[in-house]
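Only this structure's heavy atoms are used, side chains among them; waters, hydrogens and symmetry mates stay out. Note that the numbering runs from 1 along the sequence shown for the chain.
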Amino acid sequence: MRHLAMVVFIVVCSTSAAGQSPSATLAPTGTLRAVFLGGNPVQGRVDAKTGVASGPVPDLVRELARTVGVPSAIISSPDAAGVIAALKNGSADIGFLAYDESRAREVDFGAAFIVMLNSYLVPAKSPIQKSSDVDRAGITVGAVKGQTQELFVSSRLKNARVRLFATTPPQAELEKLLTVGGLDAFAINRQRSLEAEAASRSTLRALPDSFLEVDQSVVVEKGNAAKLAVIQRFVADMRASGFVKASIDRARLTGVAPAK
């Protein structure tokens, strides 16, 4: 099935809308350069020792590059602003972001490949049991500025106070903030909330429900319809062939599913 999907993809994309080959459309320098959020395990991880990236995004990038016959280069960015900047300044050909309306004003979003769940992390003994318990007076919610979770809580929570962080605090600091440091909850994707819960040894607890389901998508520079068309067809084939599901399983991700 996967090989048939690739044949269909290659035939359909033999030329782009602009008359270029898919390789020229996607990788004008001869190398497919992709930028992703290296700190988000839902997209992928970068091995601290080897620098090798693994996970759903690196898998997709390498498969796309293989399909159109070019090498690939995968760049890690610490935040969404870095992904957007790399596309705007031409240092990357494609990027990966969770969908948000404000981001869509700066880059064009292609097909979603993964749906990401998001959960609040709370102290283990907190009376907060579900996401709807969070938006109350006297509750302080932490979130990383500019991340999907922060964009949601800053715009949707009406009674709770939102405290912004430049980056996700290290495990020990996060535990301290939630137990004695004035935070009642931290908004984070479900994969990371479960990892933090496990590492805390029963000090922290991830709420069982998701306060937000968001698409993770391929993004390109604004206005490049030809590149977006190639990406759309490729991602659809990767979802249909089971490639995305297999990548999620290899990465042992929780709280994510292939987009439909």
* If you count the non-hydrogen atoms of other residues, nucleotides and ligands that lie under 6.0 Å from NZ in K222, is the total more than 12? ->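 Above 12, so yes.
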What I want to check is whether the side chains of [X] and [Y] have a donor and an acceptor closer together than 3.5 Å.
X: N118; Y: S210; answer: no
X: S23; Y: S21; answer: yes
X: S217; Y: D215; answer: no
X: E150; Y: S154; answer: yes

Is there a donor-acceptor contact under 3.5 Å from the side chain of [X] to the main chain of [Y]?
X: R205; Y: A124; result: yes
X: Q191; Y: T254; result: yes
X: R33; Y: G90; result: yes
X: R192; Y: G39; result: yes
X: R190; Y: L207; result: yes

* Using the side-chain contact (heavy atoms from CB on, under 4.5 Å) rule, take V115 and V256 through it: C-alpha gap first, then chi angles, then the decisive distance, then the call. => CA-CA 6 Å; V115 176; V256 298; over 6 Å; no
So [Y] and [X], do their side chains get closer than 4.5 Å, heavy atoms only?
X: V219; Y: D108; answer: no
X: V57; Y: Q216; answer: no
X: M238; Y: D59; answer: no
X: V68; Y: L32; answer: no
X: I114; Y: V244; answer: yes
X: L157; Y: V141; answer: yes
X: E63; Y: R66; answer: yes
X: T179; Y: T203; answer: yes

* To do: Could you go through the side-chain contact (heavy atoms from CB on, under 4.5 Å) check for N40 and M116 one step at a time?
  => CA-CA 11 Å; N40 183 351; M116 179 182 73; 4.0 Å; yes
* Asked: What do the steps show when you test Q171 against E195 for side-chain contact (heavy atoms from CB on, under 4.5 Å), and what is the final call?
  -> CA-CA 10 Å; Q171 179 71 24; E195 290 178 354; over 6 Å; no
* Could you label the plane-to-plane angle of the F109 and Y99 rings as parallel, tilted or perpendicular, counting under 30° as parallel and over 60° as perpendicular? =>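 Perpendicular: the ring planes of F109 and Y99 meet at over 60°.
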Smallest separation among heavy atoms of [X] and [Y], with atom names:
X: S91; Y: N89; answer: OG-OD1, 2.7 Å
X: P56; Y: S247; answer: CA-OG, 3.0 Å
X: L37; Y: Q43; answer: N-OE1, 2.9 Å
X: L26; Y: K227; answer: CD2-CG, 3.6 Å
X: S102; Y: L151; answer: OG-CD1, 4.3 Å
X: S193; Y: I188; answer: CB-CG2, 3.4 Å

Is there a path of hydrophobic side-chain contacts, each under 4.5 Å between heavy atoms of I, L, V, M, F, W or Y residues, that connects [X] with [Y]?
X: V35; Y: I84; answer: yes
X: F165; Y: I139; answer: no
X: F96; Y: I74; answer: yes
X: F234; Y: F36; answer: yes
X: V144; Y: V122; answer: no

* Is there a salt bridge (charged side-chain N to carboxylate O under 4.0 Å, His left out) between K88 and E221 once you walk through the steps? -> CA-CA 6 Å; K88 285 186 170 182; E221 68 273 22; over 6 Å; no
To the nearest 0.5 angstrom, please state how far the [atom1] atom of [X] sits from the [atom2] atom of [Y].
X: I75; Y: D93; atom1: CD1; atom2: CG; value: 8.5 Å
X: D209; Y: S131; atom1: CG; atom2: OG; value: 3.5 Å
X: I231; Y: L64; atom1: CD1; atom2: CG; value: 5.0 Å
X: Q149; Y: S119; atom1: CD; atom2: OG; value: 10.0 Å
X: N189; Y: Q147; atom1: CG; atom2: CD; value: 8.0 Å
X: K245; Y: F113; atom1: NZ; atom2: CZ; value: 15.5 Å

* To do: Given ring-ring contact (aromatic ring centres under 6.0 Å, His included), test Y120 with F186 step by step and report yes or no.
  => CA-CA 5 Å; Y120 291 108; F186 200 92; 9.7 Å; no
* To do: From the options V134, D133, T140, select the one residue that forms a side-chain contact (heavy atoms from CB on, under 4.5 Å) with D184.
  =>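 So the option named by the test is T140.
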* **Stepwise side-chain contact (heavy atoms from CB on, under 4.5 Å) test for V153 and V162** => CA-CA 7 Å; V153 297; V162 177; 4.0 Å; yes
